[in-house]
Every structure is written in C-alpha cells, then in structure tokens.
Peer 1: 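This is the structure, below, for whatever I ask next.
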Amino acid sequence: MSALVFHDLTVGYGGGAPVIDGLGLEVAEGSVVALLGANGAGKTTLLRALAGLEPARSGRVLLGGRDLTRMSTEDRVRSGLSLVPEGRSVVVELTVDENLRLGGLWRHRARARKAAVEEMYALFPPLDRRRHAAGHTLSGGERQMLALARALLARPEVLLLDEPSLGLAPQATAQLLGVLRATAARTGLTVLLAEQNVTGALSVARRGVVLALGAVVADRPAADLAADPALRHAYLGF
Amino acid sequence: MDRFVFLFSAGLARGAVLALFALSLVIVWRAARVVNFAQAAMAAAAVYAAFAVTAATGSYWAGLLTGLASGALLGAAVERGLMRRLPAHAPLPGIIVAIGLVMVLQAGLAIAFGPEHRPMHPPFSERPFIIGGVPVLSPYDLFTLVAAAAVMGGLALLFGRTSLGLQLRAAAFAPETSRLLGVRVPRMVTLGWALAVATAALAALLLVPTELGLNPHAADLLFVNAFAVAVIGGLDSPAGALLAGIGVGLLVSLVTGYASAAAAPLAVLALLTLVLLVRPGGVFSAKEARTA
C-alpha cells in the first residue's frame, strides 16, 4: 500500500520552463525515502508542490488513496501530509512552547495536546530546557529540532522534510536524523527526506531517489546508491 | 494646579479613545500588513447603525452592541469582498482601495442620512465630579476609560492566552509556516479585520457623544491622530498603541488647555516627526521588525 503517490507532476515559476516536468513517484507506507540531488535539481520545488505551496501545472497528488490535488495547504496538512520546509521555519516571535502548541491545535483537544507536547519534550530534551524561550533566541540546531517536533506533534501520515541538516553541525545533524529514524521505526511514519547530506540521508533511508533537472535519474535501495561511485560522481558531486 | 488636574484627567479619557482606535489600526496591520485608511469611514458607518438602533429602541446599550457587531461584519465583508482580491506583496493597491472605500462610504452615508451633525446622547452625565473643589473626570469619561480598558484587556487575553489568539498571532507573523501547521490563515485574516473594525467602531462610539455629533466625517480627526499614535507606538506593537495613545491624549489636552486648541494638532505632528527622526520604527517597536 502506498502512502503517498504523485504522477505527471509539472511545476514551474512564472511563465518559464518547468522546474519539475511530469514527475511521478510512489512512496510505500512506513518507508523512509531519501530524495537526493544537487542544487537546482528540483527537490524543494517538489516538496513545496506536494504541500500545496506551489501550484502544479498538471499532475495529481494522492495520500493514502485520497486525492489532495485541489486542496489548500492547510487542508493537506489536516489530511496528514506535513512539510518541514527548508531553513528556519520556526515562528520566531513565539516561544518554543507556543510553536509546539500551534503544531497540534487542529489535531488534539486541550488535554491530549498537552500530553503530545510533553512527549515531544521527552523526545527532544534540548527543547524541554528552553520551553519559554522566544524562537529568535534559539540556535540553528534547536530551531530545526523544534520544526521537526512541531510537525511530528500533529501525527502526520507522511512527513516531507526539506534539508533538515542545512547549516547544522555534524553532531546536531546526527542527533536529528537519529530521532527521525527511531520515530519512523516506532510509529510507522512515512518520510520523504530531501537532503544534500547524502551520507546522512542514506543512513536513515532504505530507498534513495536521485533527481537531476527535475527528473528521476535513479531509484534504488539506499545501500546500492551509497555503494555506486559512478552515480555519486555524476549526480551528487562527491 | 487645579487646571492641570482637570486637563490631565480629560486627557486620559481622550487618550483612551485614541489608544483604542490606534489599537484597531495595529490589529489590521498585524493581520494583513495594510494600513486601513478606511477605518474611520467604516467606524462611522457602524456608529450610524448604532445610532439607528438606539433611536428605534431607546436603549444606548442595544445601540452599542449593534455598533460593535456591524463594525465586525463590515470589517469581515471588506476583507472578504475587497482586500483579499488585491495583489499580494504590494502596499499601494490596498491603500488606494481603502481611500476609494472612504469616498464611497462617506458619500453613501451622507446620501442616506444627510450631511448634518446628529447629536448623540451619552449614557452617563458629562458633568465632571468635583473633588476638593477641582473638577475631574465626568461619569462619561469614567465609562470611556472603563470600556476602553475592558476591551484592551479582553483583546490582550484573546491574543495572549487562547488558542485562537495563538493562531491569530502566528498567522500574522508567519503566514506560510502557519498554513503548514494547519492554521486556516485566510480565516484568521478575516477575523483580524472583524476585530479591528469592531474596536474602531467602539472608539468612534465613545468619541461621538463628546463632540458635535454624528456625521459621515465624525471619526476622521480621530483617525488622523490615532494613525500618528500607531506610528509613534510602532505599528506592530499593541502596547505601543496603548501607551502612545494615552501620551498623545494627555499632550493634546495639555496643549489645548495651556496654549490653544489650534496648537494641539501641531504638537502631535511635532511629536510624530521627532519619533520618526529618532526611532522610525516607533517607540515600542521590536528590534527585528518583519517587513512582510
């Protein structure tokens, strides 16, 4: 059973050539898929289009069989498709606690929400220590943790993660990906993880999809991709 | 000294109304990133509704509630019907449409109700209490202060303590992130407009009985001063609107009393100029202001 399916997806900005042209992919339920590719490959555009932030020129997006194509971003989120966007998506004017509560408002009633927030504090101890700190005082690692915790709080069926390692120290990246791997294994969460940090991403994922110029150029088990030097040189630049 | 006490207490009541109207401008600014130049005309329209209901029922309170409700409805309707349809990320269309709305509303009100001033009776006496031989606040001034404080306190609780308020703030600060968290941002923007225009309507309702009377332009001067207050306090800052409103109210009252009424607008403009020169973001603006 596929948790997330999209096909014929074409997305572009303005009147220019499409960034993504007729892209399709099936992501199996409970799997972690790494979406790899160099700068400009279309990873961010793809994830934003799946979340409904960029209008698609054509194509359909299905979540657990339900058609999301015509839904607004907030309704896609409420259907179980969460995106943690690239960079620091924390609302910096709100505190850590407010950011977390905001993530669970539509999902949980007051008491369950409190429990869910506490669960996230247990999962991310550094956030627990900074509950009442304003968002703008957080470090890059803390912000990324908060963004991930906030998305997990709403118990999505499919989580789209855009470059969680961007600008983070290697240790912070390892910690973040560790929590992600453990959570996915525990809850059966489906994850589509866009990363430039190929080693990190392939250590979490079981399947890797390589994008180049908006098209899929490779779709293989993560271990094969990690072991294929030719592919790495050609598309991933190392 | 007696004179100072009288002018000071009169200034407080005036300042409370200014603060309330400035707060309404801040709410719209935070929700939609536009300065609503039509706020005065919209508030005046709501006051006409209140006036009609008070005239029909004889109850000031029924009129007050009608004024608040029609302000909220008008705010929501203008946002849904007009402002939402404008191109985003450009301030000019919003300003031009708002100015057009001012003309339509004020002309419409004048056609429907006539351009004359209709006296509005306050629910409480305007004769000041005399304490130790010194005239201080009137019962109506006191009512104004209490009503303004209650509404500001209520709004502070709504924005600061409730889930709805959390969504309103998040939607204002970071619309895209909020949508990714399932917040219905367009609804929050509509709600922000409704709250703002209801607040503006209350400020106008409190002001009109102390002035010449109801007229399509009854809230225009209030808007001009409240706009100055909002900019002085920082357009993003509700606390700034409150403090700057009280400050400007006192300034106007004292300058009117000790110098002349003609000098009061100049004093407000001088203060505005000074603030814009020294702290262009407003006295109480956050260090890192969002531009969009």
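Proteins get letters first, then strands, A, B, ... in listed order; numbering begins at 1 in each.
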Peer 1: Any Lys/Arg nitrogen of Arg187(B) or Glu74(A) sitting under 4.0 Å from an Asp/Glu carboxylate oxygen of the other?
Peer 2: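 Not counted as a salt bridge, because no side-chain N and carboxylate O are separated by less than 4.0 Å.
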Peer 1: Are there more than 12 heavy atoms of other residues, nucleotides or ligands under 6.0 Å from atom CZ of Arg186(A)?
Peer 2: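 Counting other residues, nucleotides and ligands, CZ of Arg186(A) exceeds 12 neighbours.
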Peer 1: Go through the atoms of Arg169(B) and report whether side chain, backbone, both or neither lie under 4.5 Å from a heavy atom of chain A.
Peer 2: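 The side chain, not the backbone.
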Peer 1: Indicate yes or no: at least one non-hydrogen side-chain atom of Leu181(B) is less than 4.5 angstrom from one of Arg101(A).
Peer 2: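 Result no, sub-4.5 Å side-chain heavy-atom pair not found.
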Peer 1: Identify the heavy atoms of Ala170(B) and Leu102(A) that sit nearest to each other, and give their distance.
Peer 2: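 Residues Ala170(B) and Leu102(A), closest heavy atoms: CB-CD2, 3.3 Å.
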Peer 1: Is there a donor-acceptor contact under 3.5 Å linking the side chains of Ser72(A) and Arg184(B)?
Peer 2: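 On atom types as modelled, these side chains do not qualify, holding no pair under 3.5 Å.
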Peer 1: Looking at every heavy atom in both Val91(A) and Ala174(B), which two are closest together, and how far apart are they?
Peer 2: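 Looking at all heavy atoms of both residues, the shortest contact is CG2-CB, 4.0 Å.
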Peer 1: Is there a side-chain contact between Arg179(B) and Arg76(A) (heavy atoms, below 4.5 Å)?
Peer 2: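 Heavy-atom side-chain distance check fails, nothing below 4.5 Å.
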Peer 1: Among Arg48(A), Arg113(A), Arg107(A), which residue forms the greatest number of heavy-atom pairs with chain B at distances under 4.5 Å?
Peer 2: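 Answer, by heavy-atom pair count under 4.5 Å with chain B: Arg48(A).
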Peer 1: If you round to the nearest 0.5 Å, how far is OG of Ser163(B) from CZ of Arg109(A)?
Peer 2: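 So the gap between those two atoms works out to 11.5 Å.
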Peer 1: Compare every heavy atom of Leu180(B) with every heavy atom of Ala51(A), then report the nearest pair and how far apart it is.
Peer 2: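 Heavy-atom minimum between the residues: CB-CD2, 4.1 Å.
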Peer 1: Who wins among Asp75(A), Thr73(A), Leu105(A), Leu83(A) for the most heavy-atom pairs under 4.5 Å with chain B?
Peer 2: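 Counting heavy-atom pairs under 4.5 Å, the top option is Thr73(A).
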